Protein chains: 2
Amino acid sequence: MITIKELAKMIGVSPTTVSNVIRGKTNEVSQQTIEKVQKVLKEVNYIPNMTAINLAKNSSNVIGYVMNAKGIIQDNAVQDFFTGELIGALEMEIRKAGYYMMIYISDDIDEIIKFVSSWNVDGLIALGFNHDNAQKLREVYQKPLVFIDGHFYDDGNEYNNVGLEDYKGAYEMTNYLIECGHKRMGFLANNYIGINNERYRGFKEAIKNAGLPEEAGEKFFIEKSGEGIKRCMDELMKRISDFSALFFISDNCAVVAMDYLMDNGIRIPEDISVVGYDDAAVASLVRPKLTTVRQNPTQKARVAFAKLMKLINDPNEKAENIILPISLCIRQSVKNFN
Amino acid sequence: MITIKELAKMIGVSPTTVSNVIRGKTNEVSQQTIEKVQKVLKEVNYIPNMTAINLAKNSSNVIGYVMNAKGIIQDNAVQDFFTGELIGALEMEIRKAGYYMMIYISDDIDEIIKFVSSWNVDGLIALGFNHDNAQKLREVYQKPLVFIDGHFYDDGNEYNNVGLEDYKGAYEMTNYLIECGHKRMGFLANNYIGINNERYRGFKEAIKNAGLPEEAGEKFFIEKSGEGIKRCMDELMKRISDFSALFFISDNCAVVAMDYLMDNGIRIPEDISVVGYDDAAVASLVRPKLTTVRQNPTQKARVAFAKLMKLINDPNEKAENIILPISLCIRQSVKNFN
DNA sequence: TTGTAAGCGTTATCAA
DNA sequence: TTGATAACGCTTACAA
């Protein structure tokens with residue numbers, strides 16, 4: 001790799017001059033020199049050394065994508081379409097903006113903090129953070145930081161976040177179920193914290209507001225992996241006739257569960273209705289087509305990155321919690337009793 | 001961020017000594033000093049500056065993941081499960097090995113070359129490269145480099161690659177179709193180069209070896225995006241009764257096409273059989289369950305990274321083209337005429 | 001308009 | 001066993 005210094009020697013000017021024309025500081029150098037330098041620049045195909053640039057400028061040109069999780073793929077049978085789409089969209093945005101993307105996934109928050117610190121990343125998109133971890137990260141990492149799907153309580157700090165109308169989506173979907181005449185519904189999630197709990201709250205509230213008894217909505221734990229889902233469904237099967245509808249925390253789960261149910265001779269939606277959340281591509285590919293709540297991961301990525309750019313370019317940019325809208329996708333997996 | 005220099009001043013030793021104990025070069029420093037330094041190291045939570053380390057060592061500690069493509073998500077309705085799983089598996093391997101992962105996707109090979117050069121990445125995993133681009137990359141990038149799913153002709157150079165028994169998979173699946181009594185089959189791909197062409201070759205060869213006429217196997221172009229697939233299927237529909245089976249280049253395509261066909265009143269496999277390739281999770285979730293050729297992206301990632309590590313750690317490690325095995329997944333989407 | 005030189009935070013060579 | 005000091009490739013005051 002040829003360096004600026006060598007280049008300067010070749011051309012017969014100083015490194016500063018070469019550096020200036022490379023960076024387009026052309027008002028500090030004569031037209032004649034510019035041309036002389038640029039000519040050679042083309043010839044030798046000079047490629048800047050990012051590491052050196054970053055050390056000199058105390059920046060990094062990298063945007064970090066960190067996930068507080070065990071792995072990028074949450075061991076789900078249908079892979080994590082959400083993460084995949086997010087990363088894909090983000091990669092494009094980051095590259096178009098002239099930055100580079102580093103990915104770091106760990107369930108150890110300290111590892112994540114070490115990563116962002118030692119690489120001095122210019123900006124950070126963070127997923128899978130609960131309040132405590134978010135606070136910890138924010139304390140150490142002082143540069144622009146936006147969370148996706150974070151759900152934090154008010155601690156006097158302000159967080160940049162882009163989320164979804166999680167509560168509303170579940171509320172409206174549950175209402176739809178109730179309108180269809182369902183009176184006994186199960187809610188299934190792998191945990192009941194953060195956005196999952198928001199969705200559950202929406203579920204419960206809809207039931208309450210409809211004047212149905214508390215027991216009309218029952219919650220269950222369901223693992224995330226394909227095998228795990230089936231194990232949990234084994235349990236649920238014992239009481240399957242208690243329910244007329246099942247509300248899954250994600251399409252990923254819903255679709256694996258549907259597979260399981262149908263393999264066990266249960267008809268959907270005749271015997272039991274199922275709904276999901278996310279509107280993953282798979283939702284409209286299975287039969288019956290899955291009724292679900294739509295969100296758009298690409299949009300989430302773009303909005304998050306746009307906010308990050310604002311924060312990077314304007315130190316006065318204010319913290320913001322951006323909530324993206326949901327909509328209902330009514331398809332074929334819910335029985336209408338009316 | 002505290003620096004080694006500051007640390008040294010605090011402790012009352014030289015930066016060299018501090019650096020030595022940080023890097024565990026403990027045979028060059030007295031036990032007493034080691035303890036003194038380590039004590040302070042803990043207290044101040046020293047975090048090394050990667051940029052500085054990399055500049056000094058002329059390395060980068062980063063493994064690049066580059067794709068010669070338009071975008072990470074190939075605009076397919078079922079997202080690109082393959083890419084997602086690959087990236088996920090790779091991220092984990094890279095991190096466990098103490099490296100960091102940078103992702104760069106571009107359809108401009110020069111951009112990719114610029115990226116790897118200016119970041120001086122220590123190793124590279126490259127996807128979506130044809131022979132010419134691979135050669136170009138290899139010429140400039142002299143460090144360890146392994147391709148995934150590359151398909152290169154012999155030009156005297158040797159490439160590290162991990163691929164699949166693409167030909168064999170298609171050959172065996174086509175044989176299965178023929179055994180089931182199919183005599184008129186369509187093959188549908190978005191292009192006929194690289195591994196796609198290998199699969200097509202397997203398809204044709206099986207037909208030939210079975211003594212069927214050339215026209216028994218016909219190839220079609222099908223776009224990759226969800227909408228594109230449907231557009232192409234619109235065309236195919238005009239001649240749909242000419243075929244008893246359709247072989248799709250990927251499960252992603254197959255599954256969208258099945259959706260389309262069933263929406264248009266065509267029964268699978270009664271009216272037409274369909275098979276895919278990859279055994280994506282979605283394959284066993286749709287109805288009828290999709291008969292397909294299985295591959296394992298996670299394994300691909302692991303094998304590729306393992307090879308990369310060998311190349312990094314041993315300059316004498318030889319170039320290798322590793323071919324992973326396929327297997328057939330016989331499910332429900334093929335009609336048996338016998 | 002051009003060039004010199006210090007500095008970014010490390011590593012590594014070589015004296016002390 | 002320790003510590004100066006140069007070097008990595010670039011940016012950026014500041015001087016010429």
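Every heavy atom of this structure was used, including side-chain atoms; hydrogens, water molecules and symmetry mates were not. Everything numeric here is computed off the predicted structure, so don't read it as measured data.
Taking every side-chain heavy atom of A:Pro15 into account, C:dT4 is the closest of D:dC10, C:dT4, C:dT11. Among the nucleotides D:dG9, D:dT12, D:dT1, the one closest to the side chain of B:Thr33 is D:dT1. Candidate nucleotides C:dC8, C:dT2, C:dG9 were compared by shortest atom distance to the side chain of B:Asn49, and C:dG9 ranks first.
Here A:Ser14 reaches the OP1 or OP2 of C:dG3: one of its side-chain N or O atoms lies under 4.0 Å away. When the side-chain nitrogen and oxygen atoms of B:Tyr46 are compared with OP1 and OP2 of C:dG9, none of them lie within a distance under 4.0 Å. Taking only side-chain nitrogens and oxygens, A:Ser30 comes nearer than 4.0 Å to OP1 or OP2 of C:dT2. In this structure, A:Thr17 does not reach the C:dT2 phosphate: none of its side-chain N or O atoms is under 4.0 Å from OP1 or OP2. Between C:dA12 and B:Arg23, a contact under 4.0 Å exists linking OP1 or OP2 to a side-chain N or O.
D:dT12 atom C1' lies 12 Å from atom CD1 of A:Ile4, rounded to whole Å. The separation between A:Ile53 atom CD1 and C:dG9 atom C1' is 17 Å, rounded to whole Å. Distance A:Lys25 NZ to C:dT1 C1': 15 Å, rounded to the nearest Å. Rounded to whole Å, the distance from NZ on A:Lys9 to P on C:dG3 is 14 Å. In this structure, CG of A:Asn54 is placed 15 Å from P of D:dG9, rounded to the nearest angstrom. B:Asn58 has its CG atom 13 Å from the C1' atom of C:dT10, to the nearest Å. Protein atom CH2 of B:Trp119 is 16 Å distant from nucleotide atom P of D:dG9, rounded to whole Å. Here D:dA7 presents its P atom at 16 Å from NZ of B:Lys5, a figure rounded to the nearest Å.
Across B:Ile322, B:Thr298, B:Asn296, a single residue satisfies side-chain contact (heavy atoms from CB on, under 4.5 Å) together with B:Val303, and that is B:Ile322.
The side-chain heavy atoms of A:Ile112 and A:Phe129, taken from C-beta on, include a pair separated by under 4.5 Å. Side-chain contact between B:Val66 and B:Met102 is absent, with no heavy-atom pair separated by less than 4.5 Å. Looking at heavy atoms from C-beta onward, B:Val18 lies out of side-chain contact with B:Pro15 at the 4.5 angstrom threshold. Residues B:Gln135 and B:Tyr159 form a side-chain contact, since some pair of their non-hydrogen atoms from C-beta on lies under 4.5 Å apart. A:Lys300 places a side-chain heavy atom less than 4.5 Å from the side chain of A:Phe82.
Using modelled atom types, one finds no donor on one side chain facing an acceptor on the other under 3.5 Å when comparing B:Asn120 with A:Asn49.
Counting non-hydrogen atoms of neighbouring residues, nucleotides and ligands closer than 6.0 angstrom, the NZ atom of A:Lys143 exceeds 12 such neighbours.
A perpendicular orientation is assigned to the rings of B:Tyr100 and A:Trp119, their planes being inclined by more than 60° (bins at 30° and 60°).
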All N/O contacts under 3.5 Å from nucleotides 13-16 of chain C to the protein, with atom names and distances to one decimal?
none

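Within the 4.0 angstrom heavy-atom criterion, no nucleotide atom of any strand lies near B:Thr51. Counting non-hydrogen atoms under 4.0 angstrom, B:Leu55 reaches a base of the nucleic acid.
The aromatic ring centroids of A:Phe147 and A:Phe152 lie less than 6.0 Å from each other.
Of the two residues near DNA chain D, A:Asn20 and A:Met1, the one whose nearest nucleotide lies more 5' is A:Met1.
Each end of the helix from C:dT1-D:dA16 to C:dA16-D:dT1 gets its own axis from five base pairs, and the two axes differ in direction by 50°, given to 10 degrees.
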